[in-house]
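Report on one structure; see the data block that follows.
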Amino acid sequence: MNMKSVVINHPLRKITYLKEEPSLEGKLERTALADYRKAHDQVWEMKTRFEKEHALVLLTIIQLHDLEDERTDLADTLVFYKETIDFDNSNLIADLEVNVQIELRDYHLQVQHLHRRMITFYDKIACLEKEYIDIADTYYSYEKPIDPLNFKVLDPVFYHHTDMAVDVGTLEKDLEDFLAKMTEVYHQLDDYFQTYSDFYSAYSTALHKTTHLIKSAQILSPLWRVED
């Protein structure tokens, strides 16, 4: 019996097994092997989707860090103002030089602007959240569409191996490698979930700190409040 090597250069992984030559495969075998290749398509789509969404979250984390760095600088500046200016002075406006009053006004506007940007930053999160929920529902919350612990596509071939043209030994080895790759993709999903959870928590903390900053900065408001 002559055997030939079947090699399919799939983007997920190279599929390789041996097969009789000439091949006398039946419909059952052809269908199972075609579904096996399609399963690679499905896992490849999962992999690329998880990687894409994970990358988007990581990029958004960088943007959040930029906002947080700005908030930290503004918070440190407020501490400096409180240490150098007596805000309990009832005659503060008269005692402060005009350029200092302008500086404080500009500072307060920066704090307000940061607060608005931090709130509207949630628009970015809303887009990420929509994908996160869909991925969680599809691959985690309910029965997995494809599961390395319950993959039965090739079972007809193995159950009737004496009637198959494919060499089940090499096919079984290839299947083991495929299931390992699928498990690796699900680990990528776990990493994505953890990154998203950490990011969402970080945003909540950042928003709370920014809200606290704008409340603290209200100590400056009497400097430009117009009295009736």
Side-chain angles (χ1 to χ4, degrees), residues 46-141 185-228:
M46 290 164 56
K47 174 182 170 63
T48 55
R49 185 180 184 188
F50 300 162
E51 289 176 345
K52 174 188 173 184
E53 293 306 316
H54 196 180
L56 288 174
V57 174
L58 291 174
L59 287 173
T60 312
I61 287 174
I62 293 174
Q63 296 168 6
L64 179 61
H65 283 167
D66 290 341
L67 290 173
E68 264 291 85
D69 288 344
E70 186 176 344
R71 182 202 60 80
T72 299
D73 289 342
L74 289 171
D76 290 344
T77 300
L78 183 59
V79 170
F80 170 77
Y81 287 148
K82 287 182 176 180
E83 290 176 346
T84 57
I85 298 173
D86 181 11
F87 290 101
D88 293 327
N89 180 2
S90 59
N91 200 37
L92 181 59
I93 296 179
D95 291 344
L96 279 179
E97 295 181 3
V98 173
N99 63 316
V100 176
Q101 294 184 41
I102 294 174
E103 177 184 332
L104 293 174
R105 173 60 170 167
D106 288 343
Y107 168 82
H108 192 263
L109 291 175
Q110 290 177 50
V111 172
Q112 292 178 318
H113 183 53
L114 174 65
H115 191 223
R116 287 193 296 270
R117 285 158 54 210
M118 187 65 78
I119 292 174
T120 57
F121 188 78
Y122 188 80
D123 292 342
K124 297 178 180 293
I125 297 178
C127 294
L128 297 176
E129 186 175 38
K130 180 180 178 181
E131 285 297 314
Y132 173 83
I133 292 173
D134 186 65
I135 289 175
D137 287 346
T138 303
Y139 300 104
Y140 185 79
S141 300
V185 170
Y186 273 106
H187 287 160
Q188 289 181 298
L189 176 62
D190 292 337
D191 291 342
Y192 161 63
F193 281 158
Q194 185 61 57
T195 300
Y196 183 89
S197 177
D198 292 345
F199 163 63
Y200 199 93
S201 178
Y203 171 74
S204 298
T205 300
L207 181 59
H208 174 76
K209 289 181 177 180
T210 304
T211 301
H212 176 73
L213 172 62
I214 197 168
K215 289 179 179 179
S216 299
Q218 291 304 311
I219 195 173
L220 308 178
S221 59
L223 294 174
W224 50 82
R225 183 177 298 148
V226 177
E227 300 293 345
D228 294 332

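Basis for what follows: all heavy atoms, side chains included, without hydrogens, waters or symmetry-related copies.
The pair Asp134-Arg49 meets the salt-bridge criterion, since a charged nitrogen lies less than 4.0 angstrom from a carboxylate oxygen. A salt bridge links Lys47 to Glu51: at least one charged side-chain nitrogen sits closer than 4.0 Å to a carboxylate oxygen. The pair Glu131-Lys52 does not count as a salt bridge, with every side-chain nitrogen at least 4.0 angstrom from each carboxylate oxygen.
A 4.5 Å side-chain heavy-atom check between Glu129 and Tyr122 finds at least one atom pair inside the cut-off. In this structure the side chain of Leu220 reaches within 4.5 angstrom of the side chain of Phe87, judged on heavy atoms. Side-chain contact check for Glu97 versus Val100: some heavy-atom pair is nearer than 4.5 Å.
A distance of 9.5 Å separates OH in Tyr81 from CG in Leu74, rounded to the nearest 0.5 Å. Note that the CD atom of Glu70 and the CG atom of Leu114 stand 5.0 Å from one another [nearest 0.5 Å]. Here Tyr196 contributes atom OH and Leu56 contributes atom CG; the two are 12.0 Å apart, rounded to the nearest 0.5 Å. To the nearest 0.5 angstrom, Ile61 atom CD1 is 12.5 Å from Glu68 atom CD. Here the CG-CG distance, from Leu104 to Leu109, works out to 11.0 Å after rounding to the nearest 0.5 Å. In this structure, Lys82 NZ and Thr84 OG1 are separated by 12.0 Å, a value rounded to the nearest 0.5 Å.
A distance below 6.0 Å separates the ring centres of Phe193 and Tyr132. The ring of Tyr139 has its center closer than 6.0 angstrom to the ring center of Phe50.
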Next item on the list: Apply the test side-chain contact (heavy atoms from CB on, under 4.5 Å) to residues His115 and Val111: give CA-CA distance (whole Å), side-chain angles for both, the deciding distance (0.1 Å), then the verdict.
Entry: CA-CA 6 Å; His115 191 223; Val111 172; 5.7 Å; no

Next item on the list: Evaluate side-chain contact (heavy atoms from CB on, under 4.5 Å) for Ile125 paired with Tyr200, printing each intermediate quantity in order.
Entry: CA-CA 8 Å; Ile125 297 178; Tyr200 199 93; 3.8 Å; yes

Checklist line | Stepwise side-chain contact (heavy atoms from CB on, under 4.5 Å) check, Val185 with Gln188 | finding: CA-CA 5 Å; Val185 170; Gln188 289 181 298; 3.9 Å; yes

Notebook entry, point to check: Under the side-chain hydrogen bond (donor to acceptor under 3.5 Å, both in side chains) criterion, do Gln194 and Asp190 qualify, and how do the steps go?
Noted result: CA-CA 6 Å; Gln194 185 61 57; Asp190 292 337; over 6 Å; no

Note to self: Show, in sequence, the C-alpha distance, side-chain angles and deciding distance for Phe121 and Leu207, and conclude whether the side-chain contact (heavy atoms from CB on, under 4.5 Å) test is met.
What the structure shows: CA-CA 10 Å; Phe121 188 78; Leu207 181 59; over 6 Å; no

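In this structure, the side chain of Ser201 does not engage the main chain of Ser197 through any donor-acceptor pair within 3.5 Å.
In the model, Asp106 has no side-chain atom that pairs as donor or acceptor with a side-chain atom of Gln110 under 3.5 Å. If you check the side chains of Ser221 and His108, you find no donor sitting under 3.5 Å from an acceptor.
Residues Leu64 and Ala206 approach most closely at CD1-CB, 4.0 Å, considering heavy atoms.
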